[in-house]
Amino acid sequence: MLSQTHIDTVKATIPVLASAGTAITEHFYNRMFTHNPELKDVFNMSHQATGRQPAALFNAIAAYATHIDNLEVLTGAVMRIAHKHTSFNIQADQYAIVGHHLIETLRELLGDAFTPAIEEAWGAAYQQLADIFIQIEGDLYKANAAKNGGWEGFRKFRVAKKQTESELVTSFTFVPVDGGNVVDFLPGQYLGIKVHPNNHEFDEIRQYSLSTAANGQSYRISVKRELGDVKNGVVSNYLHDSIEEGDEVELMPPAGDFHYQERQRPVVLISAGVGLTPMNAMLDTLSQGSQNSIFYLHACRNPQQHSFAEHVAGLTETLNLTHYTWLEHGAPENAERVLAGQMQLGQISEILPLAEGDFYLCGPVGFMMFIKEQLLGLGVSDDRIHYEVFGPHQSF
Ligand SMILES: Cc1cc2nc3c(=O)[nH]c(=O)nc-3n(C[C@H](O)[C@H](O)[C@H](O)COP(=O)(O)OP(=O)(O)OC[C@H]3O[C@@H](n4cnc5c(N)ncnc54)[C@H](O)[C@@H]3O)c2cc1C
Ligand code: HEM
């Protein structure tokens with residue numbers, strides 16, 4: 001239990017932590033991976049190379065310290081992180097390892113300023129947060145295991161189908177090796193996949209949104225090949241190049257707090273690039289019986305990279321669906337509902353349910369910020385805008 005002294009002490013150290021910035025989390029990760037190299041099989045080592053995860057953890061700790069006396073503010077963030085953790089199969093005993101390296105990092109970086117009182121306060125504060133995550137994650141694991149087709153830990157799946165969707169995106173359909181059912185998910189959720197790429201030192205775990213409706217028998221994901229200037233993406237290229245029908249991978253049950261919510265009001269799904277995967281799962285689910293008015297707006301670089309184009313067009317037969325596509329390059333002239341250039345909602349704002357609709361966004365962060373700004377400018381309220389980041393979460 002945290003005392004008022006603990007709370008005051010943690011709050012008093014925030015300026016010191018802020019001045020050290022991400023140096024703390026970088027030092028922390030270096031320390032942890034040196035002493036506990038087995039955790040390299042758990043963390044995304046490319047995120048370590050690019051610095052994305054150190055920033056996410058630092059922001060979480062800074063937010064926690066700031067709101068330590070009013071943790072309700074953090075409920076949404078805690079649930080999101082807990083869902084993400086479960087897709088990595090994070091276990092209760094690993095919190096002690098992380099806590100130990102966090103305290104030792106503060107000692108090493110703060111030197112004499114790290115007094116016994118600060119050590120005690122941060123130890124207690126970390127334990128309080130760890131206990132919250134351990135409880136929520138334990139409940140999620142148990143709930144998944146108890147459902148029809150559910151399981152706990154990584155489960156072996158076989159690739160039943162590998163299908164090219166466009167120049168850069170390939171879909172993989174997985175069925176359990178044990179022949180059992182699979183647990184249902186909410187459209188928009190993702191699963192964790194573990195692979196060991198050829199000639200790679202570690203196991204790698206990544207998240208992929210389910211890209212079609214739940215069916216109780218199999219899961220489908222659709223993966224974009226990530227090509228980088230410095231280094232190509234490890235897992236996406238491995239899946240594209242080396243995983244074939246009949247091969248095995250390991251999956252965690254579906255997770256994630258970004259999903260379609262039935263509210264009996266119009267829905268606007270907006271995606272860019274491979275951000276269309278959760279939208280496709282929502283569309284396929286809605287096509288099983290929704291009377292709602294649905295809008296699907298997609299932005300794409302060119303026609304060669306446009307996945308699921310025909311599939312979405314076909315859904316207009318079963319859904320009350322209006323769809324528009326913006327192509328940056330190669331937009332055919334006079335094509336119906338295809339616009340050239342970047343997505344400008346002003347071009348179609350008179351048909352959008354701006355006053356009452358729910359808006360779901362997925363795509364690169366820059367794209368989502370651009371669209372959110374447009375939506376706010378058109379009068380859409382913030383609480384009706386939901387989004388998923390395909391990486392460590394960022395608030396905007
Ligand atoms: C909730 C969620 C849902 C997702 N859904 C999907 C989905 O449906 N479809 C999909 O395709 N993706 C999805 N993703 C993204 C996916 O999880 C992976 O992040 C993506 O496939 C890239 O993984 P990778 O291993 O190929 O790249 P990584 O190896 O993780 O590299 C990531 C990026 O960093 C670059 N990079 C790697 N190493 C270095 C280095 N040393 N220096 C500089 N740059 C480097 C790579 O070029 C790449 O662009 C989702 C992510 C999340 C969190
Ligand atoms: C109280 C302690 C912890 C806090 C505050 C915390 C916080 C976070 C945050 C903010 C993220 C980013 C979430 C996102 O993608 O949006 C994250 C991801 C992650 N966490 Fe934790 N975490 C904690 C404990 C742990 C533990 C004990 C482990 C296991 C050793 C762990 C493993 C991971 C992994 C593997 C990721 C994903 C990393 C990536 O995508 O690069 N975390 N955590």
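Please read all numbers here as calculations on a predicted model, not as lab measurements. Positions are given from 1 along the sequence. As the structure lists them, so they are numbered: ligands from 1, and atoms in each ligand from 1.
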Practice problem: Identify, by name, the N, O or S atom of His85 lying closest to atom 21 (Fe) of ligand 2. | Solution: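 Checking each N, O and S atom of His85, the shortest distance to atom 21 (Fe) of ligand 2 belongs to NE2.
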Practice problem: May I ask which of His47, His101, Gln207, Arg206 has a heavy atom nearer to atom 40 (O) of ligand 2 than the others do? | Solution: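 Comparing heavy atoms across His47, His101, Gln207, Arg206, the nearest one to atom 40 (O) of ligand 2 lies in His47.
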Quiz prompt | Tyr29, Phe88, Phe390, Phe133: member with heavy atom nearest to atom 37 (C) of ligand 2 | solution =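 It is Phe88 that holds the nearest heavy atom.
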Practice problem: Not counting sequence neighbours, list each pair that qualifies as a salt bridge (charged side-chain N to carboxylate O under 4.0 Å, His left out) and has a residue in residues 365-383. | Solution: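 Applying salt bridge (charged side-chain N to carboxylate O under 4.0 Å, His left out) to every pair that reaches into residues 365-383, excluding sequence neighbours, yields Lys372-Asp382.
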Practice problem: Taking all non-hydrogen atoms of both residues into account, name the closest pair between Met368 and Phe396 and its distance. | Solution: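 The answer is CB-CZ, 3.6 Å.
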Hydrogens and angles aside, do [X] and [Y] bring a side-chain donor and acceptor to less than 3.5 Å of each other?
X: His259; Y: Gln189; result: no
X: Ser381; Y: Arg384; result: yes
X: Asn280; Y: Ser211; result: no

Quiz prompt | ILVMFWY cluster membership beyond Leu276 - transitive side-chain contacts under 4.5 angstrom | solution =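 Listed partners: Phe258, Tyr260, Val267, Leu269, Met279, Met282, Leu283, Leu286, Ile294, Tyr296, Phe308, Val312, Leu315, Leu319, Leu321, Tyr360.
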Using a strict 4.0 Å threshold on nitrogen-to-oxygen distance, state whether [X] and [Y] make a salt bridge.
X: Asp41; Y: Lys194; result: no
X: Arg107; Y: Glu119; result: yes
X: Glu204; Y: Arg206; result: yes

With heavy atoms of [X] as the reference, note each atom of ligand 2 found under 4.0 Å away.
X: Lys84; result: 14 (C), 15 (O), 16 (O)
X: Leu129; result: 1 (C), 5 (C)
X: Val42; result: 35 (C)
X: Ala60; result: 10 (C)
X: Ile81; result: 7 (C), 8 (C), 9 (C), 10 (C), 43 (N)
X: Val98; result: 26 (C), 27 (C), 30 (C)

Practice problem: State which residue, out of Val73, Asp69, Thr75, Leu74, fulfils the side-chain contact (heavy atoms from CB on, under 4.5 Å) condition with Leu71. | Solution: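 Exactly one option meets the side-chain contact (heavy atoms from CB on, under 4.5 Å) with Leu71, and it is Leu74.
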Could you tell me whether [X] approaches ligand 2 through its side chain, its backbone, both or neither, with non-hydrogen atoms closer than 4.0 Å?
X: Gln94; value: both
X: His393; value: both
X: Tyr95; value: both

Self-check item: side chain to side chain donor-acceptor pair (under 3.5 Å) partners for Gln163, two or more places apart
Solution: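 In terms of side chain to side chain donor-acceptor pair (under 3.5 Å), with neighbours along the sequence ignored, Gln163 is linked to Lys161.
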Practice problem: Report yes or no: does Tyr126 have a heavy atom closer than 4.0 Å to ligand 2? | Solution: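 Flag set, Tyr126 near ligand 2.
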Quiz item: With a 4.5 Å limit on heavy-atom distance, are the side chains of Thr325 and Arg337 in contact?
Solution: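 The answer is no, as the side chains (C-beta and beyond) never meet within the 4.5 Å cut-off.
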Exercise. Let me know which protein residues bring a heavy atom to under 4.0 Å of ligand 1; chain then number is fine for ordering.
Key: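 Protein residues near ligand 1 are Asn44, Ser46, Ala49, Thr50, Lys84, Tyr190, Arg206, Gln207, Tyr208, Ser209, Ser222, Val223, Lys224, Glu226, Gly228, Val230, Lys231, Asn232, Gly233, Val234, Val235, Ser236, Val274, Thr277, Glu388, Val389, Phe390, Gly391.
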